[in-house]
Novice: 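My structure is below; once you've seen it, I'll send some questions.
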Amino acid sequence: MNFDFDEDHTLLQQQVREFVESEVAPGAAERDSQAAMPKALISKLAEMGLLGITIPEAYGGAGMGTTASSMVVEEVSKGCAGTGVFLSAHQSLCVDPIMTFGSDVQKKRYLPALASGEMIGCLSLTEPGSGSDAGAATCRAELKDDGWHVNGSKIFVTNGKEAGVMVLLAVTDPDEPKHRMSAFIVETDTPGVRLSKLEKKLGIRCSSTAEFVFEGCVIPKDAMIGERGHGMRVALTTLNGGRIGIASQALGIAEACLHEATEYAKTRVQFGRPIGAFQAIQNKLADMRVGIEAARGLVYRAAWLKDLGQDYVRAGAAAKLFASELCSRCANHAVQVFGGYGYCNDYPVERLLRDAKITEVYEGTSEIHRLVIARSLAH
Ligand SMILES: Cc1cc2nc3c(=O)[nH]c(=O)nc-3n(C[C@H](O)[C@H](O)[C@H](O)COP(=O)(O)OP(=O)(O)OC[C@H]3O[C@@H](n4cnc5c(N)ncnc54)[C@H](O)[C@@H]3O)c2cc1C
C-alpha cells in the first residue's frame, strides 16, 4: 500500500499550487463581488493545460486521469471555489461523457476544442420540475427529416454563460418508461438555444449558473451520444464521476478554512493570549484537521478506483457526502474562530462559508447520496 502521489502527480500539484497562488487566489474576492469569470483567467487555465487534464494527448490534452483532475480541482478550490467548479463541470460533466460515450467523429470535433479552451463545456440535465428525480425530465427531442427538434427548458447549468458546447439530456421516447431519455451534444450558438437567465447565488458566484430555453432548435441527427433511450445511463455515469470532482472541490474549500482559521488563531490576541492557546479553539482546529485527512482518503480512493477501472460508485458517493458535509462544518468553525470579523467580508472565511454550502446540494444532495449508499448495501 502506498499513500504517496507519484512523481507526475507531485509535480502537477506543485505547479498548480504556484499557479493558484499567483493567478487564482488573488482575484477570488473580486470575482465573487463581480459574479463573473474573466476571460483572461479562462485563458490562463487553458495555457496551464488545466482544461484538458484527462483528455488524451492525441486530442490535445494531458492524458492524465481522475486522480490528477481531482488534485487540480482541490488545489484550485483552495484559492477560489467558483473557479474550482468551473473546471470540475467542464471536465467531468462535459469532457467525460464525450470521452466515454462519444463517437470518434464527436471526439475529434470537440475534445481538442475543449482541451484548448476554444470551447467550454457544460451539462444540461436539471429542469424546473426534475432535480433529484432526473428521470422526470420533460425537455423533448423529436426526430424529423432534418434532425432532432428540441423544445423545453433546462435550469442550473454550471458554465452556461461561458459554454460553447453542452451535453443535453432530452426525452426522445416518452412511451418507454425505462428508456425515455437520450443524450446529445449541442453547440450553444445553435439557433433556437437561448440563455434566458443567470442565477444570483449565495456562493460560488464567479461560476455562472444559467437557464436555457430551447425553442425550434434543430440539431443534427448524429448529435446523439450513447444509444437512443440510454440517456439516463449517460447522465448517471457522468454524475458518478462528477461527484468525485465536487468532493475534491469540498476538500479544497475545507483546507482553505483550516488554513485561514489556523493563521488567525495564532495572531488574534484576547485575554492577553493568542486565541489559539485556548482549548476550545484548538478543538475546532483539530476536528477540522482530522476531518480533512478522512475526506482526503475517501476522495483519492474514489479517484484511484476510477483510474483503475474498478467500481467506484459507492466510493464516489461516500467521498462526496463526507467531504461536502465536512466542508460546511469546517467553514462554520472557521467563521467561529474569526468571531465577528468572520462574519464580514474583509476576511475570506465569510466567502468560504457561502461557497461551502453548495457542495452538499449539487451533483446529488446529501440525502440522495445516503440513498445511493444505502441501496448499494442492500445488493
Ligand atoms: C449552483 C448550482 C449549480 C448546478 N449545476 C448543475 C449543472 O451544471 N447541470 C445540471 O443539470 N444541474 C445542475 N444543478 C442542479 C443540482 O444538481 C440540483 O439542484 C440538485 O440535484 C437538487 O435538485 P433540486 O434543486 O431540484 O432539489 P429537489 O430534488 O427538489 O430536492 C429538494 C430537497 O428534497 C430532498 N429530496 C428529494 N428527493 C428525495 C428523496 N427521494 N429522499 C430524500 N430526500 C429527497 C433533497 O435532498 C433536497 O433536500 C446545479 C444546481 C445549483 C444550485
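Note that ligands are numbered from 1 as they come in the structure, with each ligand's atoms numbered from 1 the same way. Keep in mind the model is a prediction, meaning the values are calculated, not measured.
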Novice: Between Phe5 and Tyr300, is the gap from one ring center to the other below 6.0 Å?
Specialist: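 Centroid separation for Phe5 and Tyr300: below 6.0 Å.
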Novice: Other members of the hydrophobic cluster containing Val186, with the 4.5 Å side-chain heavy-atom rule, please.
Specialist: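 Hydrophobic cluster check, Val186: joined to Leu143, Trp148, Val150, Val157, Met166, Leu168, Phe184, Val193, Leu195, Leu198, Phe212, Phe214, Ile219, Met224.
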Novice: Below 6.0 angstrom between ring centroids: does that apply to Tyr362 and Phe156?
Specialist: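 Distance test on ring centres: not under 6.0 Å, no.
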Novice: What residues form a side chain to side chain donor-acceptor pair (under 3.5 Å) with Thr209, not counting sequence neighbours?
Specialist: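 By the side chain to side chain donor-acceptor pair (under 3.5 Å) rule, Thr209 matches Lys201.
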Novice: Please output the residues near ligand 1 using a strict heavy-atom distance under 4.0 Å, listed in chain and residue-number order.
Specialist: Leu93, Leu123, Leu125, Thr126, Gly131, Ser132, Phe156, Val157, Thr158, Lys201, Thr209, Ile358, Val361, Tyr362, Glu363, Thr365, Glu367, Ile368, Leu371
Novice: How does the hydrophobic cluster around Met99 look, that is, which other residues are in it when side-chain heavy atoms under 4.5 Å mark a link?
Specialist: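 Result for Met99 is Ile55, Tyr59, Leu93, Val95, Ile98, Phe101, Tyr110, Leu111, Leu114, Met119, Leu123, Leu125, Val165, Val167, Leu169, Val171, Met181, Ile185, Ile225, Met232, Val234, Leu236, Leu239.
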Novice: Applying side chain to side chain donor-acceptor pair (under 3.5 Å), run through Glu360 and Ser324 and close with a yes or a no.
Specialist: CA-CA 5 Å; Glu360 294 177 84; Ser324 61; 5.5 Å; no
